Participant: 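My questions all concern the structure below.
Only a predicted model underlies this, so the values are computations on that prediction, with no experimental measurement involved.
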Amino acid sequence: MYKRIFGQLFNGPLFSGLWKEIISVTWTLFKIMIPMIIVIKVIEELGGIVLLSQWLSPVMFLVGLPSEMGLVWATTLVTNIYAGLLVFMNTDADLTVAQVSILGILMLIAHGLPIEAAIAKKAGVGIAMTLGVRLGGSLLMAWMLHQTYQAGDWLNYPAESVWQHTLASDPSYMAWAIDQVKSLVMIFVIIAVLITFLRILKLLGVEKLMGIILKPILSLLGISRDATNLTVVGITLGLSFGGGLLINEAKRGHISPRDIFVSIMLLNLLHSLIEDTLLILLIGADFTTIFWGRIVFSLAVTSLLVIAINRIDEAICLKYFYKKI
């Protein structure tokens, strides 16, 4: 009796083909991430990040930040927010809440570009579009915030950081490799839980309910119901996870190239809304700016992009903006 019950459970719609789907999504991401992790480490060892930070110093002036914040953003651009925050703590800079919020927006919108741009490309969106939206979008919002804060003299008081910096006890390559393996294992676990959770939502009918709730907003952006859940996953958990799922669905032909493009453009500006926001709050940023401000800005920019591509012939879009995979 128990064998029959468990057999029906694991052969039912929830578990049928589940393991295969988890492996497929994870392998798609790992084929992109593992080579990029190695390349980024080589660039770091050769001093590429320090050089990039020197180039970014004039840009920091435009958004009201001290030049040493160029190294913080440079590290974030090629690695991730965690690495950028560690560099930030080593600068011992005394910034206002306004300045930390501006730096936070730069880090939130534009980070981990080598890996995440590669993921977007795998989904059919060109690297030039991804870099343009993320770098341009982050700098535009940072500049707008700088002008607004200066005009109103807002948030012009010292930021209080609760992020405590700890130096790595073992700087060896072996320790670095072990840390990367741990990160990849954690990503695999998250993807497994995520895909299982999405199946449960689908079986419970929550997927349809979410589609109904989000349809008015997403329809304005041109995102179909098929891409709704995957876009929500990317917004809440990160572009790597949402992008991996979008790639998987695109390969199956379930989502059109145009829907993928709009979803990726939105995710370029608005992703990992929970974890990344909490990280930036730790260094004293203003919550309204980095959470609600980022949401409004991302939706506005994506809306303008949608209006633009709607005026362009589909053949031209497929040639210059996105492609079928």
Side-chain angles (χ1 to χ4, degrees), residues 22-57 60 67-93 103-104 106-122 127 130-131 134-135 138 161-194 237-241 243-244 247 271-272 275-276 278-280 282-283:
I22 291 171
I23 295 297
S24 175
V25 173
T26 306
W27 180 240
T28 299
L29 285 178
F30 282 7
K31 284 191 295 185
I32 301 170
M33 295 179 70
I34 293 175
M36 284 297 178
I37 288 171
I38 297 172
V39 170
I40 289 167
K41 182 62 175 177
V42 172
I43 293 174
E44 182 181 358
E45 292 295 314
L46 294 176
I49 294 178
V50 175
L51 181 62
L52 181 57
S53 71
Q54 294 173 352
W55 295 343
L56 290 174
S57 292
M60 295 298 99
S67 60
E68 57 264 36
M69 291 303 104
L71 179 58
V72 176
W73 195 36
T75 304
T76 306
L77 285 174
V78 298
T79 55
N80 52 50
I81 290 179
Y82 288 96
L85 290 177
L86 291 178
V87 175
F88 173 79
M89 294 310 300
N90 281 328
T91 62
D92 294 324
L103 176 64
L106 290 174
M107 298 172 74
L108 286 168
I109 295 178
H111 60 262
L113 295 187
I115 292 177
E116 295 190 353
I119 291 172
K121 182 180 180 182
K122 196 75 173 179
I127 291 179
T130 295
L131 295 182
R134 296 190 71 165
L135 291 173
S138 60
S161 174
V162 296
W163 180 277
Q164 299 297 321
H165 171 62
T166 55
L167 292 174
S169 58
D170 186 358
S172 68
Y173 291 125
M174 181 58 69
W176 171 82
I178 292 173
D179 285 341
Q180 302 310 310
V181 171
K182 289 179 179 178
S183 298
L184 292 173
V185 170
M186 182 56 65
I187 289 173
F188 174 80
V189 172
I190 293 174
I191 288 175
V193 173
L194 177 62
L237 294 181
L239 191 147
S240 295
F241 301 113
I247 292 170
H271 56 271
S272 195
E275 179 184 359
D276 288 358
L278 291 174
L279 288 175
I280 300 302
L282 292 177
I283 60 173

Participant: So, using side-chain hydrogen bond (donor to acceptor under 3.5 Å, both in side chains) as the criterion, who are the partners of S24 when residues are at least two apart?
Facilitator: N248

Participant: Nearest 0.5 angstrom please: E45 CD to W176 CH2, how far?
Facilitator: 9.0 Å

Participant: Go through the steps to decide whether L106 and M60 satisfy the test side-chain contact (heavy atoms from CB on, under 4.5 Å), and finish with yes or no.
Facilitator: CA-CA 10 Å; L106 290 174; M60 295 298 99; 4.0 Å; yes

Participant: State, to 0.1 Å, how close P114 and L77 come at their nearest heavy-atom pair, and which atoms those are.
Facilitator: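 Taking every non-hydrogen atom into account, CD-O, 3.4 Å.
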
Participant: Quick one: closest heavy-atom pair of G104 and I280, and the distance?
Facilitator: CA-CG2, 3.6 Å

Participant: Could you tell me whether the side chain of L85 reaches within less than 4.5 Å of the side chain of L282, counting heavy atoms only?
Facilitator: no

Participant: At what distance, to the nearest 0.5 angstrom, does CE of M69 lie from OG1 of T76?
Facilitator: 10.5 Å

Participant: Tell me which one of I81, L108, N80 satisfies side-chain contact (heavy atoms from CB on, under 4.5 Å) with L279.
Facilitator: I81

Participant: Go through the structure and list residues passing side-chain contact (heavy atoms from CB on, under 4.5 Å) with A74, not counting sequence neighbours.
Facilitator: I49, L52, S53, L56

Participant: Kindly write out the residues that satisfy side-chain hydrogen bond (donor to acceptor under 3.5 Å, both in side chains) with D276, not counting sequence neighbours, or none if the list is empty.
Facilitator: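 D276 satisfies side-chain hydrogen bond (donor to acceptor under 3.5 Å, both in side chains) with S272 only.
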
Participant: Any non-hydrogen side-chain atom of F188 less than 4.5 Å from a side-chain atom of I22?
Facilitator: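 Side-chain contact under 4.5 Å: yes.
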
Participant: Can you check whether H111 reaches H271 side chain to side chain, under 4.5 Å on heavy atoms?
Facilitator: yes

Participant: For residues Q54 and L51, determine if any side-chain heavy atom of one lies less than 4.5 Å from a side-chain heavy atom of the other.
Facilitator: yes

Participant: Return the minimal non-hydrogen interatomic distance between A110 and W73, and the atom names on each side.
Facilitator: O-NE1, 3.4 Å

